[in-house]
There are 2 protein chains.
Amino acid sequence: MGDVTSASATPSTPARPRRNRRAEILEAAARLFAARGFHGVPIEEICGAVGVSGPALYRHFSGKEALLAEMLLDVSSRLRESAVAVATSSPGPEQSLDALLDVQITFAIEQPALITVHDRELGNVPEPHRRQIRRLQRLYVEEWVTVLAELHPTCPAARLRAAMHAVFGLLNSTPHSAGELAGGDMRPLLRVMARAAIDAAVNAR
Amino acid sequence: MGDVTSASATPSTPARPRRNRRAEILEAAARLFAARGFHGVPIEEICGAVGVSGPALYRHFSGKEALLAEMLLDVSSRLRESAVAVATSSPGPEQSLDALLDVQITFAIEQPALITVHDRELGNVPEPHRRQIRRLQRLYVEEWVTVLAELHPTCPAARLRAAMHAVFGLLNSTPHSAGELAGGDMRPLLRVMARAAIDAAVNAR
DNA sequence: CGATGACGTTAACGATGACTAACATTCGAG
DNA sequence: CTCGAATGTTAGTCATCGTTAACGTCATCG
């Protein structure tokens, strides 16, 4: 989180840390966008948060919207990749579901800012990339739906999709209840609630 | 509706044509804020959506932030009032819980834009009102926690609070899954999922 | 009838903020 | 040592946007 950005102390001797500026900027931007929204955060502030100032951003991204696009693309493709990996390496749908839950919960707990931005700021991504991100998100949902459909073949896919959106809402609520519960207790709580919600959705008549 | 609207004091002839521009503007603003965020929507566009243009907004609100503040204050006080009414008029905690679920689900389904803005844009409300809105939100959550604590006295309050945030996330996911399911099917689905999630949270381990 | 006040308009003003230009500095080749 | 990326910096530019000013209209009321 809030690491020491005391870097540029003397303007005479810059450039030592050798750290990846790109990644730093993406991380700071995620945190700030999550707090005040894409248009609520000036570039100046993003770069200031990592110790460089202003137009340095254009050395790493072609613009503010490109920064957001890359951020969302990265998140959605990582989620999707994890889901595919999990689904293909599990012996059966039951284990797949468990592993999928683990993926999403881990992501929600460890990257709350990214998760928040991911489902709020798609509307601010310019059209070339928007479609691509949407596609990845859809594929991610479909991984879940496929697994659930194996477990409950009689449940209509539309219902499974709607239920999954609700479950994502449940799991992604973590950022809003930060600090409510001891860190270690959050994960099992989310897991048991999500599991119960899913079971209820597919079973209820 | 918290402030003193002049002219309502004179009982002589309050029968103005009273087109509710105020309400129209609030509604349009909610829809637009939900889609692109507070800072993503110019005043021009809000007013344009209701047929007037530009600075006409200042005939009804003291500024853009005041508009947002009133919107959030209205939502949070309405929710809180409904919760209090429900809790005091139900014969027991079990019925209270059912009624609370009904309140939240109805609101989420009928006012998706308001719900969305309500839990995204608090960070853009200036400090005088921010505290007040937070307070109302907290009181709303406490209504739920009180009811749940009656039903499950052994469950720590912190866990109940965390579980409730997750349930709100589940119920407020409606805007994201708009159109996924036939209108009439959404309500019972959300209800059964939320109920199962709550039961799992308070019973597990 | 005039005065008043609610409500709207267009034309500015001023701040902010995204982006560009021009100009250093460091460092790893060659 | 020199060249040229890579990575910063500061000082603009230009569009956008919140807000105010000045002005018009029309219904109501004394």
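Letters A, B, ... are given to chains in the order of the sequence lines, protein chains preceding strands, and every chain is numbered from 1. Just so you know, these numbers use all the heavy atoms, side chains as well, and skip hydrogens, waters and symmetry mates.
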Set of side chain to side chain contact (heavy atoms under 4.5 Å, CB included) partners for A:H60, sequence neighbours left out: A:R21, A:R22, A:I25
Test side chain to side chain contact (heavy atoms under 4.5 Å, CB included) applied to A:A28 - qualifying residues, sequence neighbours left out: A:R31, A:A49, A:V50
Distance below 4.0 Å between A:R21 side-chain N/O and D:dG8 OP1 or OP2: yes
Partners meeting side chain to side chain contact (heavy atoms under 4.5 Å, CB included) with B:D98 (sequence neighbours left out): B:R191, B:R195
Contacts under 3.5 angstrom, residues 79-88 of chain B side chains, donor-acceptor by atom type, not counting sequence neighbours:
| unit_1 | atom_1 | unit_2 | atom_2 | d |
| --- | --- | --- | --- | --- |
| B:S82 | OG | B:R78 | O | 3.0 |
| B:T88 | OG1 | B:V84 | O | 3.1 |
| B:T88 | OG1 | B:A85 | O | 3.1 |

Side-chain atoms of residues 143-151 of chain A: list all donor-acceptor pairs with protein atoms under 3.5 Å, sequence neighbours left out, distances to 0.1 Å.
| unit_1 | atom_1 | unit_2 | atom_2 | d |
| --- | --- | --- | --- | --- |
| A:W144 | NE1 | A:Y140 | OH | 3.4 |
| A:T146 | OG1 | A:E142 | O | 2.7 |

Any strand: nucleotide that pairs with D:dG30 via Watson-Crick or wobble, under 3.5 Å: C:dC1
Sub-4.0 Å heavy-atom contacts from residues 120-133 of chain A onto DNA chain C, ordered by number: none
Residues that B:D185 engages under side chain to side chain contact (heavy atoms under 4.5 Å, CB included), provided they are two or more places apart: B:L181, B:A182
Residue pairs involving residues 165-177 of chain B (criterion salt bridge (charged side-chain N to carboxylate O under 4.0 Å, His left out); sequence neighbours excluded): none
Side chain to side chain donor-acceptor pair (under 3.5 Å) involving B:H118 - partner list, sequence neighbours excluded: B:Q137
Sugar-phosphate, base or nothing in reach of B:G54, heavy atoms under 4.0 Å: nothing
Within residues 42-66 of chain B or reaching into it, pairs that qualify as salt bridge (charged side-chain N to carboxylate O under 4.0 Å, His left out) - sequence neighbours excluded: B:R36-B:E45
Contact list (N/O, under 3.5 angstrom) for nucleotides 22-25 of chain D vs protein:
| unit_1 | atom_1 | unit_2 | atom_2 | d |
| --- | --- | --- | --- | --- |
| D:dA22 | N6 | B:R59 | NH2 | 3.4 |

Taking N or O atoms only and anything under 3.5 Å, show me the protein contacts with nucleotides 16-18 of chain C, one pair per line.
| unit_1 | atom_1 | unit_2 | atom_2 | d |
| --- | --- | --- | --- | --- |
| C:dA18 | OP1 | A:K64 | NZ | 2.9 |
| C:dA18 | OP2 | A:I43 | N | 2.8 |

